[in-house]
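As structure tokens, the structure follows; a few thoughts come after it.
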Amino acid sequence: MRLSDLITEEIIKMLNESEGNIAEIQRNEFANDFGCAPSQINYVLSSRFTPEHGYIIESRRGGGGYIRIKRVVMSQSSAIMHLINSIGDNIDALTARVVIENCLQSDIIDNTQARLMLSAISNNVMHCVEVEKRDYLRAAILKEMLLILL
């Protein structure tokens with residue numbers, strides 16, 4: 001298992017054990033626990049604990065500083081609307097895949113719906129559209145598929 005996965009698992013474990021879906025870490029201390037550079041912690045937080053994944057990151061700098069990770073708990077319709085708004089006018093294939101996987105993990109969609117969504121926005125489908133327009137079309141299709149769930 002990669003170090004990023006171990007760090008992610010530990011943060012998720014902390015969130016699951018907390019009463020308010022909040023984990024608080026001190027970056028340097030947390031990095032020492034894993035024997036890695038603090039930048040590795042930053043990478044995990046910025047790539048795996050984003051608003052699109054359902055998290056909010058707060059930080060306070062200085063000697064008593066901390067990083068607070070909050071898991072956002074929303075109703076299904078609020079979560080879908082948040083996702084639609086976060087997509088914007090365009091979305092690349094990788095980010096769209098992350099959005100769909102997050103929906104699957106959050107039980108917003110089931111496995112069949114996820115597979116259908118992924119195939120509808122895949123590069124195999126988009127190959128007949130001009131490269132400059134693919135991410136715009138992908139965003140429009142993904143948002144429409146999410147709207148249907150409301």
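Source: prediction; values computed, not measured.
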So how far is it from [X] [atom1] to [Y] [atom2], rounded to the nearest 0.5 Å?
| X | Y | atom1 | atom2 | answer |
| --- | --- | --- | --- | --- |
| Ile108 | Ser77 | CD1 | OG | 9.5 Å |
| Ser18 | Lys70 | OG | NZ | 11.5 Å |
| Leu147 | Leu142 | CG | CG | 10.0 Å |
| Tyr66 | Glu24 | OH | CD | 6.0 Å |
| Thr8 | Leu45 | OG1 | CG | 8.5 Å |
| Met81 | Gln76 | CE | CD | 13.0 Å |

Test item: [X] and [Y] side chains (from C-beta on) under 4.5 Å apart, heavy atoms:
| X | Y | value |
| --- | --- | --- |
| Thr112 | Arg115 | yes |
| Leu146 | Ile80 | yes |
| Arg60 | Glu58 | no |
| Leu137 | Met126 | yes |
| Ile121 | Met117 | no |
| Phe49 | Ile56 | no |
| Arg68 | Ile22 | yes |
| Thr95 | Ile87 | no |

Open item on the list: Looking at Asp5 and Arg48, is any side-chain nitrogen of the basic one under 4.0 Å from a carboxylate oxygen of the acidic one?
Closed with: yes
- [ ] Identify whether the distance between the nearest side-chain nitrogen and carboxylate oxygen of Glu101 and Arg97 falls below 4.0 Å.
- [x] yes
Over all atoms of both residues, closest heavy-atom pair of [X] and [Y]:
| X | Y | answer |
| --- | --- | --- |
| Gln40 | Ile7 | CG-CD1, 3.7 Å |
| Leu15 | Ile69 | CD2-O, 3.4 Å |
| Ser39 | Arg27 | N-NH1, 4.3 Å |
| Cys103 | Leu83 | SG-CD1, 3.2 Å |
| Ala23 | Met14 | CB-CB, 3.8 Å |
| Gln113 | Ile109 | OE1-CA, 3.2 Å |

Open item on the list: For the backbone of Ser47 and the side chain of Thr50, can you confirm whether one donor and one acceptor N or O come within less than 3.5 Å of each other?
Closed with: no
TODO: Report yes or no: does Arg134 contribute a side-chain atom to a donor-acceptor pair with the main-chain N or O of Val129 at less than 3.5 Å?
DONE: yes
Task: Derivation of the side-chain contact (heavy atoms from CB on, under 4.5 Å) call for Tyr55 and Ile12 - done: CA-CA 11 Å; Tyr55 299 94; Ile12 289 173; 4.3 Å; yes
- [ ] Report the C-alpha distance between Phe30 and Ile11 in whole Å, list the side-chain angles of each, state the deciding distance to 0.1 Å, and finish with yes or no for side-chain contact (heavy atoms from CB on, under 4.5 Å).
- [x] CA-CA 10 Å; Phe30 202 62; Ile11 293 172; 3.8 Å; yes
- [ ] Using the side-chain hydrogen bond (donor to acceptor under 3.5 Å, both in side chains) rule, take Ser122 and Ser119 through it: C-alpha gap first, then chi angles, then the decisive distance, then the call.
- [x] CA-CA 5 Å; Ser122 72; Ser119 65; over 6 Å; no
Task: Pair Asn123-Arg138, side-chain contact (heavy atoms from CB on, under 4.5 Å): steps then yes or no - done: CA-CA 9 Å; Asn123 284 327; Arg138 184 176 289 113; 2.7 Å; yes
Task: Polar side chain donor-acceptor pair, Asn16 to Arg71, under 3.5 angstrom - done: yes
Mark yes when over 12 heavy atoms from residues, nucleotides or ligands other than [X] sit less than 6.0 Å from its [atom1]; otherwise mark no.
| X | atom1 | answer |
| --- | --- | --- |
| Phe34 | CZ | yes |
| Leu150 | CG | yes |
| Asp89 | CG | no |

Group every Ile, Leu, Val, Met, Phe, Trp and Tyr by side-chain heavy-atom contacts under 4.5 Å, then state whether [X] and [Y] land in the same group.
| X | Y | answer |
| --- | --- | --- |
| Tyr136 | Ile141 | no |
| Met145 | Val125 | no |
| Ile41 | Leu6 | yes |
| Ile25 | Leu3 | yes |

